[in-house]
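Notes follow once the structure below has been shown.
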Amino acid sequence: MKYKLILLFAVLLNLVVQAQNRIQHTINSDWQFFKGYTSKASDNVNWEAVTIPHSWNAVDVMDDVPGYYRDTACYKKEIYVPASWQDKDVYLVFDAVGISATIYINGQLAGAHKGAYTSFNVPISEFLRFNDNGNCKNQIFVVANNTFSEDIPPLSADFTFFGGIYRDVHMVAVDKLHFGMDKLNSNGVIWQSPMVNTELAELVLKSAFTNNYDQNVKASVRHIIYDKMGKEVLQSNQKYTASKGEISTIEAQLKVRNPHLWSPEEPYLYRLKSQLIMDGEVVDQIENPLAFRWFEFDAEKGFFLNGSPYKLIGTSRHQDYPGLGNALEDGRHLRDVELLKEMGGNFLRISHYPQDKTIIEACDRLGILTSIEIPLVNRITESKAFFDNSETMLREMMAQYYNHPSLIVWAYMNEILLRPPYDKKSEAWKKYLKATYQLFSGLENIVRENDPYRYTMMVGHGSGNDYKEAGLISIPKVFGWNVYTGWYDGKSSSIGKSMDSKHRLCGDVPILLTEYGADADIRIHSFAAERFDKAVEYATDYHSEYLKAFYERPFINGMLIWNLADFSSETRTETTPHVNAKGLLTLDRLPKDPYRFYQANLLKKPFLKIGSKEWDFRTDLAKEDGDTFVEQEVQVFSNAKEIGLWLNGALLGQADVIQGIATFKVPFVQGENQVLAKSTSNEFTPIDVAIIDVNIIPKQLKNNPFPASGMNISLGDKRFYTDYHNHENWVPAQAYTAGSWGYIGGDVFKMAKSKRQGYGSNKNILDTDLDAIYATQQCGIEAFQFDVPDGSYTLVLHFAELLSDKEHEALAYNLDEGGKIKDEMLERSFDVLVNKQVVINQLSNKEHLVPEKAIAFKINVIVENNQGIKVQFKPLKGKTILNGIQLKKVN
Ligand code: GCB
Ligand code: CA
């Protein structure tokens, strides 16, 4: 393809001299770390060797001790600086340190930074020792800290505030005349495209460069634009006199004819090379991505990309990984963007804070539109320091992410009225709302001044009236709503109506559904799934309701799933303590069924996957004695019209695909089952096979061999739970019937005054990974009986006191609860008998049965004379309880 180019305000300069690039490389290896405060690098404390990226919270956020290290830690490293750098400007660049950092070079204070999510540079030339005779050792000493500060956002949020030097550290040596390296750590060149269409793109290039020579210098700025194939398409050259010790700015205006447009479907990237030339020599050079696209949000018609209607659909993303905290190498960041692309997503909300550059670079390259935001979450502090830090963060974010063509929205607020610090009837509250208005209108102005061509966004929650009252809705160019109907409350099927009311509330401000999601734990399945049970089946259903409503409503400009992957949120509890489980992928990035659901609905290429494949060993209960199979529903996710399902080689049936799902009732037999799904309407659709090992528990235990892999039963529960570590399946308890097994008496435990789960507790049960089993319970149970054949058995009884008189802070993420939560706790004590013999004496919540802790007892039982096993619970004080029970036959 040929481009006809016009150069405006540009002079052609044909003297090209070998580019002497800046030197920039990471210095991530060989650091020393001390978890604590010490005043200098030479102190003899417990230094340990670490590599950057590093977080000191990689492990402690996941353990059962509440809280994590939020305090000071130190890092040090020796660097060697060549004598040739003596006439250069040398900087350290920190891509991010959580949460604040002070940097010393050779014992002298060199710089400091606040905020965990933006990069910063530290000019260090004046502190360096240069010497080529081996005496050029220099000491970097960093005091970092992730303590809570009223002045630094975020103050409160549903994610973990990891500490550490968790992104790359670079050494940079540049000529004394160089681009960028300013206070906001921008790279010195920004591009804007005020007008783009298929024939023409207007391009404005603004360069800022520093002259640290002790005299004014004559220089020129050259920009060269290359197309995707590396062919030069345009060049601009401008002469300039750079005043000494100052930052100079210069602007070039160019026009690109017939620009090749960028879109998620065809992410066509140009390259923008910018050079500073002095005495005919290139003294500094940087590169930026460049692309042409235009876009518009509309309050009625929705989003348009390059002139055509375009539904934005995608996810948000957090930046952590199990065992690593947020200290990830680039590969893992990149993989997340690929996974979003492989799902068929076209948008990433980089939330709730700027993330590693790898993310947005991948979005530019792979074709994912993005928004980016600073972490003003849940509440603000009405102080100058907080306002100033917020503003700096915003300016840094804009300076650092400006040139990414995938980026179309700057955002700076999430659910800021979620955690009101005052009573909503008080004067203080009114003042607070005014302060929020003042803060956010200020931030909005900063964005508009610095980037008139992108959109601005704020994100609210709940009913929205508070945001309206505070005047916040009319501030940004678009408003996002986080709506969790069907999760925190209400029904998933009401999402359409909820969005209709947001639409009315916002009038002519275009809206997006910026968050929605439901927890899903791939270890939990239920064929009668309900809100808060964490069953994968519930989440799939929830997402299908939302997707339907989205397609029916053009005014929903975009819809963003919360979240791409499960993520760390230390204060969370429930079946996955310390983790928010709304991810479409697990913490380890394994797909959950909702991810497959979106693939089936969004991908253009033929797609097919069998649902819940990872549930590859299952236990189910025979309905009648002698049943040789158990019937379970299997979903196949596909974009074909019709699917056939084969079970162990025989065609079971065909089913139409409705909204990406074909549903089958599969009669699984004992042992291995091969499930094969194939499209019967499209030969190009891939085939999928799942091998599922099934264990059927006979209805009558008496006349049947006892199940070889034993029985694991969760009381007060309706779910199937898979313990992948122990290769065990837990089944929900049933009431006892003669010849079979089950509980006698009692009621399912329910939380008092909770709008949340219908049964079980939402607490983190300590000392166990079987939270799902321990958090559910039968109260007032009289007995549990197994009518098993004679033999030798191992019985395990699991208990947890779910009530506690400890006061719990209402969790930050609870959208429906506030204040402190305390149970009404009554004393309980009971004996446990097996076949009339006391096996546990006075199990009491004043003693061994410590509230919110798991306790298990393993007991050997010999069954003779056809008596079976009867476990009895005899109350001494209060009510008896049982949370789980396991039985294995030894011989
Ligand atoms: C929200 C928040 C997000 C939480 C999410 C949740 O509205 O914006 O930070 O993680 O809800 O899962 O509750
Ligand atoms: Ca249970």
Side-chain angles (χ1 to χ4, degrees), residues 154 156-161 315-318 320 349 351-353 373 375-379 411 413-419 458-462 480-485 487-489 513-520 524 532-534 539 542 560-576 579-583 712-721 723 730-733 743 746 748-750 756-757 759-761 765 768 770-779 781 784 796-800 802 811-817 854 856 881-886:
S156 131
D158 180 21
F159 54 90
T160 304
F161 309 122
T315 69
S316 290
R317 184 229 182 215
H318 272 294
D320 59 278
R349 176 177 172 214
S351 67
H352 290 312
Y353 42 77
E373 63 201 56
L376 282 159
V377 183
N378 290 4
R379 64 181 176 86
M413 177 288 254
N414 183 73
E415 302 186 350
I416 211 68
L417 304 179
L418 183 67
R419 288 275 158 261
M458 288 209 242
V459 173
H461 78 281
W481 291 103
N482 300 340
V483 185
Y484 285 88
T485 178
W487 186 250
Y488 290 111
D489 54 26
L513 175 52
T514 26
E515 277 181 34
Y516 68 101
D519 288 25
I524 295 178
F532 267 100
D533 66 4
K534 313 270 167 150
Y542 170 99
L560 308 176
I561 301 139
W562 188 263
N563 194 285
L564 176 67
D566 290 354
F567 60 89
S568 179
S569 177
E570 201 273 340
T571 55
R572 279 203 173 245
T573 57
E574 304 165 6
T575 74
T576 52
V579 171
N580 182 317
K582 293 194 185 66
N712 312 298
I713 300 150
S714 179
L715 279 292
D717 207 345
K718 295 184 190 162
R719 306 163 299 179
F720 293 83
Y721 180 86
D723 173 354
W730 292 74
V731 296
Y743 60 82
V748 169
F749 173 88
K750 285 192 175 70
R756 314 187 107 205
Q757 43 263 78
Y759 57 90
S761 159
I765 310 302
T768 181
L770 289 174
D771 290 87
I773 306 304
Y774 280 103
T776 49
Q777 173 187 78
Q778 187 83 354
C779 293
I781 185 169
F784 200 100
V796 189
L797 300 167
H798 298 266
F799 305 93
L802 299 177
L811 302 171
Y813 57 84
N814 277 7
L815 299 178
D816 55 350
E817 290 165 12
I881 53 166
L882 179 65
N883 300 54
I885 186 166
Q886 291 176 283

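Read the numbers this way: they start at 1 and go in the same order the structure lists the ligands and their atoms. Counting from 1, the numbers follow the sequence of the chain as shown.
- For Leu882 against Leu715, the heavy-atom pair with the smallest separation is O-CB, 3.2 Å.
- When non-hydrogen atoms are compared, ligand 1 lies under 4.0 Å from neither the backbone nor the side chain of Asn563.
- The distance from ligand 1 to the heavy atoms of Lys582 drops below 4.0 Å at these ligand atoms: 6 (C), 12 (O), 13 (O).
- Partners of Asp566 under the salt bridge (charged side-chain N to carboxylate O under 4.0 Å, His left out) rule, at least two apart in sequence or in another chain, are Lys592.
- Those atoms of ligand 1 that come under 4.0 Å of a heavy atom in Glu415, given as number and element, are 1 (C), 2 (C), 7 (O), 8 (O).
- Shown here are the salt bridge (charged side-chain N to carboxylate O under 4.0 Å, His left out) partners of Lys534, two or more places apart in sequence or in another chain: Asp519, Glu574.
- Under the 4.0 angstrom criterion for non-hydrogen atoms, His352 is in contact with ligand 1.
- Residues Ile713 and Gln886 are not in side-chain contact: their nearest non-hydrogen atoms beyond the backbone lie 4.5 Å or more apart.
- Among residues two or more places apart in sequence or in another chain, the salt bridge (charged side-chain N to carboxylate O under 4.0 Å, His left out) test is passed with Asp717 by Arg719.
- Judged by distance alone, the side chains of Asp158 and Ser569 do bring a donor and an acceptor atom under 3.5 Å apart.
- Using a 4.0 Å cutoff on heavy atoms, Phe567 counts as a contact of ligand 1.
- By the criterion of a heavy-atom distance under 4.0 Å, the side chain of Asn580, and not its backbone, is placed next to ligand 1.
- Counting only protein N, O or S atoms, 6 lie closer than 3.0 Å to the Ca ion (ligand 2).
- Listed by number with element, the atoms of ligand 1 under 4.0 Å from a non-hydrogen atom of Tyr488 are 6 (C), 12 (O), 13 (O).
- Of the N and O atoms on the side chains of His461 and Glu515, not one donor lies less than 3.5 Å from an acceptor on the other residue.
- Taking 4.5 Å as the limit, some side-chain heavy atom of Ile765 sits within range of a side-chain heavy atom of Leu802.
- Residue-level proximity to ligand 1 for Trp487 is absent, since no heavy atom of it falls below 4.0 angstrom.
- Evaluated for a ring-ring contact (aromatic ring centres under 6.0 Å, His included) with Trp562, the options Trp487, Trp481, Phe567, Phe159 yield exactly one hit, Phe567.
- Between the Asn883 side chain and the Ala800 main chain, a donor and an acceptor come within less than 3.5 Å of each other.
- For Arg572, every heavy-atom contact with ligand 1 shorter than 4.0 Å involves the side chain, none the backbone.
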